[in-house]
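Before any comments, here is the structure.
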Protein chains: 2
Amino acid sequence: MIKIAIVEDNKIFREALIQLINAQSNMHLVGEFASAEYAVKEIPHILPDIVIADIEMNGMNGIEMITILKHTIPAIEFLVCTIHDNTDMVFDALRAGACGYILKDSGSESIIKSIIELYNGGAPMSPFIAKKVISEFSRPKQNNFHDLLTEREIEILQYTAKGLLNKEIASLLFLSNETVKSHLRNIYVKLQVSNKIEALHKVGLL
Amino acid sequence: MIKIAIVEDNKIFREALIQLINAQSNMHLVGEFASAEYAVKEIPHILPDIVIADIEMNGMNGIEMITILKHTIPAIEFLVCTIHDNTDMVFDALRAGACGYILKDSGSESIIKSIIELYNGGAPMSPFIAKKVISEFSRPKQNNFHDLLTEREIEILQYTAKGLLNKEIASLLFLSNETVKSHLRNIYVKLQVSNKIEALHKVGLL
DNA sequence: CTAAACCTACCCCAAATGGGGTATTGTTTG
DNA sequence: CAAACAATACCCCATTTGGGGTAGGTTTAG
């Protein structure tokens, strides 16, 4: 039995969600709130497994609410359900601690599936949202430093980024630490910097 | 009609995938490769819509292959299909340009669904992978270091993260560079590290 | 009021890093 | 083939950093 709470200021959508949840044999609605303020006060007492949350609400918005509640009771999982697919909003919600993010135009079936996936430790997202999230990883890829630095130099920079000392890198790669130093000096010249941290900045490893 | 290529060195799994694809009325298998090297050579000529790729292969691995092919033909979408759920591997694949990442223990139905989702601009992921990806966003927020480090220490770490030398930080903050050093030493003790880069790692500034 | 924490700043010394060379060995390429 | 580049490795020396102490002044909490 999955204990669910709903925070949604739009009455029509809230009622629809309530009906949907009540129709499920393996779910139990333990709370429904029309404002984030009210939810923040009450949810710590009713301890739902999952909170379905809108973001755009009068007064406190859903992001702030999730931030507060996630901090108070980390075990609660949040499924954001909103009409907004704005990039900033998506990432703000995820940073706040939401693990699922679906759009309101998803069908009932898809909402139920998302709840179950979230309950089972997954991270349900509408395809469009998922794509946004994934793209965030490949985005800062187009660093041109692959043309500028040699393979070996990149390799050494990567170990440097992990916090290894020159001599540690040297023994990892079976080199003299003087060699590692030489590579680093060449890197500095190419990137026009003068220490490790600056170099890591330039290549986006920092 | 979705044009699909398969890169998979395990013969049994490759054959199974081929059968699965061939059974779909809306998909067309345009290539199957047992090594990444071969795939890198041929795929630019056959131009599939989607490449289903293994990662762990003899010789060139899937990450390198995706990096090369994505660079050559950005329009091709990659669906990584592997037994590995290792965190580094997941993020390496996403950075390389993969948009889907599913585990081999997903059912046939789920693989077909993933292909279609990918073709429609989504980013299909196994629930466990999706959770990893999402967690990456909420991770580097309020770590505990605000409780551990003082305001001044955080301030100095932030300047350190920008690549400034101790003495540069010192003159910025109108301090002796010995004072900056003292703060850094205290930081190192608290974070249990022994140099700047490691410290930046611990607090998520790297 | 006292203790604790924080910020400041100095001492000494060792280790690590940065900056300047040079040199040998391959490999690639015009 | 010669030139250019890459990777390796050594030299010297200055600067920076890390690790150990100590210590005075201020603010905060018990």
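In what follows, every chain begins at residue 1, and chains take the letters A, B, ... in the order their sequences are listed.
Residues Cys81(A) and Tyr101(A) have side chains not in contact (no heavy-atom distance under 4.5 Å, counting atoms from C-beta outward). The shortest side-chain heavy-atom distance between Ile50(B) and Lys3(B) does not fall under the 4.5 Å cut-off.
A sub-4.0 Å separation between OP1 or OP2 of dA7(D) and a side-chain N or O of Thr150(A) is present.
Sorted by first then second residue, the salt bridge (charged side-chain N to carboxylate O under 4.0 Å, His left out) pairs that include residues 48-68 of chain B, not counting sequence neighbours, are Asp54(B)-Lys104(B).
Here the straight-line distance linking atom OG1 of Thr179(A) with atom CG of Leu184(A) works out to 11.0 Å at 0.5 Å rounding. One distance of note links CD of Glu8(B) with CE of Met57(B); it measures 7.5 Å at 0.5 Å rounding.
Residue contacts shown for Asn177(B) are absent, as no nucleic acid heavy atom lies under 4.0 Å away. Residue Thr179(B) is classed as a base contact, given a heavy-atom separation below 4.0 Å to a base.
Side-chain contact of Lys132(B) with Thr87(B): a donor-acceptor pair under 3.5 Å is present, judged by distance alone.
The residues Lys131(A) and Glu77(B) are annotated as salt-bridged, a charged nitrogen and a carboxylate oxygen being separated by less than 4.0 angstrom. Under a 4.0 Å N-O distance rule, the pair Lys162(B)/Glu168(B) does not qualify as a salt bridge. Salt-bridge annotation for Glu178(A) and Lys167(A): absent, with no side-chain N of the basic residue lying under 4.0 Å from a carboxylate O of the acidic one.
Running 5' to 3' along DNA chain C, contacts with non-hydrogen atoms of chain A at under 4.0 Å begin and end at dA16(C) to dG21(C).
Taking every side-chain heavy atom of Lys190(A) into account, dA6(D) is the closest of dG18(D), dA9(D), dA6(D).
Across the protein-nucleic acid pair, Ile169(B) atom CD1 and dG18(D) atom C1' stand 15 Å apart, rounded to whole Å. Protein atom CD of Glu178(A) is 14 Å distant from nucleotide atom P of dT8(D), rounded to whole Å. Regarding Leu164(B), its CG atom lies at a distance of 13 Å from the P atom of dT16(D), rounded to whole Å.
Heavy-atom distances to DNA chain C give each of Lys167(A) and Leu175(B) a nearest nucleotide, and the one nearer the 5′ end belongs to Leu175(B).
Shown here are the side-chain contact (heavy atoms from CB on, under 4.5 Å) partners of Thr150(B), two or more places apart in sequence or in another chain: Arg152(B), Glu153(B), Lys190(B).
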Just the table, please: protein N/O against nucleotides 24-28 of chain D N/O, every pair under 3.5 Å.
none

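Listed here is the closest heavy atom pair of Leu157(B) and Leu200(B): O-CD2, 3.7 Å.
Comparing the end axes of the helix from dC1(C)-dG30(D) to dG30(C)-dC1(D), each fitted to five base pairs by superposing C1' atoms of four pairs onto the next four, gives an inter-axis angle of 50° (nearest 10 degrees).
Less than 4.0 Å separates DNA chain C from at least one heavy atom of each of the following residues of residues 180-188 of chain B: Lys181(B), Ser182(B), His183(B), Arg185(B).
Just one residue in the list Ile6(B), Ile4(B), Leu29(B), Ile43(B) forms a side chain to side chain contact (heavy atoms under 4.5 Å, CB included) with Pro48(B), and that residue is Ile43(B). Here the options are Ile52(B), Ile111(B), Thr82(B), the test is side chain to side chain contact (heavy atoms under 4.5 Å, CB included), and the partner is Ile102(B); only Ile111(B) passes.
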